[in-house]
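Notes follow the structure.
The basis for the numbers below is simple: all heavy atoms, side chains too, and nothing from hydrogens, waters or symmetry mates.
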Amino acid sequence: MDFGFTPVMEQWRERVQDFLDEVIYPAEATFHEQVAAQAQSNPWGRPPVMAELKAEAQRRGLWNLFLPGERGAGLSNLEYAPLAELSGRSPMLAPEAMNCAAPDTGNMEVLAHFATPAVQQQWLEPLLRGEIRSAYSMTEPEVASSDANNIATRIEVDADELVVTGRKWWSSGAMAPECKVAIVMGLSDPDGERHQRHSMVVVPLDTPGVDVRRSTHVLGYTDGPHGGHAEIVYDAVRVPRQNLLGELHRGFAIGQARLGPGRIHHCMRLIGMAERAYDLMCERVQQRVAFGKPLAAQGVVQEWVAEARIRIEQARLLVLKTAWLMDTVGNRGAAVEISAIKVAVPEMATWVIDRAMQAHGGMGVCQDTVLPELYAQARMLHLADGPDEVHRMALARRELKRYA
């Protein structure tokens with residue numbers, strides 16, 4: 001396995017790094033000022049600066065980098081990894097500015113692979129252009145959605161229509177006026193085989209019967225500028241049969257196909273989040289003096305710094321290996337590693353960010369640094385795309401099969 005950066009990858013990294021230094025970091029203060037200014041009038045809308053950032057990213061050719069093939073930058077998973085990591089250093093701005101933010105990335109991949117040409121024209125194309133946003137409606141409040149087979153929202157066939165009935169939550173982004181469409185997973189064959197009961201369907205959010213009720217907060221953060229995390233009731237919502245993704249009752253397989261890249265993209269960005277927290281920690285401990293010497297001279301702080309660097313490097317190497325396997329043997333061949341990084345990387349990131357917060361003292365838990373926001377996102381990713389415990393279980397089962 002060769003994880004060295006080729007000259008082409010180095011050029012991409014330099015371009016993304018320049019974009020961060022010259023455009024993204026200087027815009028962070030403006031972004032938060034605009035969020036505060038529109039908190040009452042447009043709490044779920046994008047701050048105006050985001051349109052400027054997206055236009056500049058497109059001008060620089062930093063657009064849809066996650067997507068292989070002609071619709072994206074043509075990068076492999078391994079080539080995209082360091083770019084996604086860089087974007088994670090400013091997770092509220094950089095991914096969306098380059099049209100590489102969840103849940104749109106996973107939704108675009110699903111639409112590209114499984115949607116009919118008409119649905120692609122209607123929804124995939126404007127997503128690729130960054131003109132609209134989308135949501136992914138899978139998790140439900142009434143059941144343990146960590147087991148996807150529990151999903152109870154019904155998708156029923158009625159002549160040339162599909163009828164969707166159920167209640168979802170954590171449909172990220174759906175509160176935003178820019179969010180126009182959702183991909184919904186539901187039960188279409190209650191008596192089918194375990195992994196052949198569900199289907200996925202494209203549902204425009206202005207369809208009669210769609211009721212976007214409220215947003216759920218993440219450790220107190222509304223995530224308003226990114227459209228929140230909506231609770232949605234689908235009350236006998238009717239859409240054309242052509243809105244079905246792939247084959248009827250094959251939604252579980254589509255979900256697994258979607259979550260593979262989605263999980264690794266989250267992990268790539270988490271490494272960038274951890275690196276930024278690490279930078280802030282190391283700068284802080286050089287500047288502050290306690291008990292007669294800089295914090296950097298305290299043994300416990302040196303232990304944090306050393307342990308953080310070890311954990312970040314370990315996590316990065318595992319992510320790169322996983323990306324390489326996905327490129328060479330496919331998502332199924334990388335199943336063990338995908339489960340492993342989904343556990344290891346959020347654990348690493350929350351630990352590093354927590355130590356950085358501790359090194360900052362009271363400042364580390366208030367709005368004067370990005371650390372609380374980073375921590376909230378990292379902590380949520382212990383649950384998003386499957387809780388850690390489910391990934392440990394899946395990994396263990398695959399490993400034990402080799403010894404049966």
Side-chain angles (χ1 to χ4, degrees), residues 12-32 35 49-50 53 57 62 65 80-98 100-102 218-219 221 223 225-226 264-288 295-296 301 304-320 341 344-361 363-382:
W12 277 108
R13 288 180 71 244
E14 290 176 7
R15 290 169 61 185
V16 174
Q17 185 65 66
D18 289 345
F19 182 56
L20 288 171
D21 293 338
E22 298 168 7
V23 181
I24 294 294
Y25 293 146
E28 287 182 335
T30 302
F31 176 85
H32 287 290
V35 169
V49 71
M50 185 56 69
L53 298 178
L62 302 175
L65 301 179
Y80 178 59
L83 311 184
E85 176 183 327
L86 286 173
S87 75
R89 295 181 66 93
S90 184
M92 296 296 287
L93 275 72
E96 184 177 347
M98 297 187 291
C100 294
V218 180
L219 297 180
Y221 288 95
D223 285 340
H226 289 276
I264 195 171
H265 292 168
H266 276 315
C267 290
M268 293 168 180
R269 289 188 291 266
L270 275 170
I271 295 170
M273 292 164 61
E275 284 282 16
R276 186 165 187 190
Y278 181 84
D279 287 347
L280 291 171
M281 175 174 65
C282 291
E283 292 167 1
R284 175 75 171 184
V285 300
Q286 297 283 0
Q287 299 164 358
R288 307 294 279 190
L295 292 181
V301 173
W304 295 347
V305 170
E307 184 66 19
R309 175 48 58 203
I310 291 167
R311 294 189 185 205
I312 291 171
E313 295 301 327
Q314 289 175 330
R316 178 184 288 114
L317 285 172
L318 186 54
V319 169
L320 291 175
I341 63 170
V345 181
E347 284 189 348
M348 175 278 295
T350 49
W351 190 92
V352 172
I353 298 166
D354 181 79
R355 292 303 86 195
M357 293 167 72
Q358 193 74 5
H360 280 73
M363 186 180 184
V365 293
C366 79
Q367 71 271 32
D368 288 354
T369 76
V370 72
L371 293 171
E373 204 166 36
L374 294 180
Y375 186 87
Q377 291 196 37
R379 183 61 186 86
M380 181 179 66
L381 289 172
H382 283 271

Set of side-chain hydrogen bond (donor to acceptor under 3.5 Å, both in side chains) partners for R309, sequence neighbours left out: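 R309 satisfies side-chain hydrogen bond (donor to acceptor under 3.5 Å, both in side chains) with E275, E313 once adjacent residues are dropped.
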
State which residues pass side chain to side chain contact (heavy atoms under 4.5 Å, CB included) with [X]; sequence neighbours excluded, sorted by chain then number.
| X | value |
| --- | --- |
| V35 | F31, P47, P225 |
| Q17 | L20, D21, L86 |
| E28 | Y25, S90, L93, R276 |

Let me confirm one number: the [atom1]-[atom2] distance from [X] to [Y], rounded to the nearest 0.5 Å.
| X | Y | atom1 | atom2 | result |
| --- | --- | --- | --- | --- |
| R311 | E307 | CZ | CD | 4.5 Å |
| R269 | I271 | CZ | CD1 | 11.5 Å |
| E96 | H226 | CD | NE2 | 5.5 Å |
| I264 | L320 | CD1 | CG | 8.0 Å |
| L371 | C366 | CG | SG | 9.5 Å |
| L270 | L374 | CG | CG | 9.5 Å |

Which residue pairs pass the salt bridge (Lys or Arg N to Asp or Glu O under 4.0 Å) test with at least one member in residues 81-90, sequence neighbours excluded?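 Found E85-R316, R89-D279.
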
Which atom names give the shortest non-hydrogen contact between [X] and [Y], and what distance separates them?
| X | Y | value |
| --- | --- | --- |
| H266 | A102 | CE1-CB, 3.9 Å |
| G364 | T369 | O-OG1, 4.3 Å |
| V301 | A296 | CG1-CA, 4.3 Å |
| P91 | Q377 | CB-OE1, 3.8 Å |
| A378 | M273 | N-CE, 4.0 Å |
| L62 | R15 | CD1-O, 3.8 Å |

May I have the step-by-step check of side-chain contact (heavy atoms from CB on, under 4.5 Å) for C282 and V305, ending in yes or no? CA-CA 7 Å; C282 291; V305 170; 4.1 Å; yes

Does atom CZ of R288 have more than 12 heavy-atom neighbours from other groups under 6.0 Å away?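 Result for CZ/R288: open.
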
Determine whether R284 and M363 satisfy the following criterion, side-chain contact (heavy atoms from CB on, under 4.5 Å), listing intermediate values before the conclusion. CA-CA 10 Å; R284 175 75 171 184; M363 186 180 184; 3.4 Å; yes

Evaluate the side-chain proximity of P372 to Y221: yes if any heavy-atom separation is below 4.5 Å, no if none is.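 Counting from C-beta outward, Y221 and P372 do come under 4.5 Å.
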
Does the side chain of V285 reach to within under 4.5 Å of the side chain of W304, using non-hydrogen atoms?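 In short, these two side chains do not touch, never coming nearer than 4.5 Å.
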
In a table with atom names and distances, give each donor-acceptor pair under 3.5 Å that connects a side chain of residues 344-358 to protein atoms at least two apart or in another chain.
from	atom 1	to	atom 2	distance (Å)
E347	OE2	R392	NH2	2.5
T350	OG1	P346	O	2.8
T350	OG1	E347	O	3.2
T350	OG1	H382	NE2	3.2

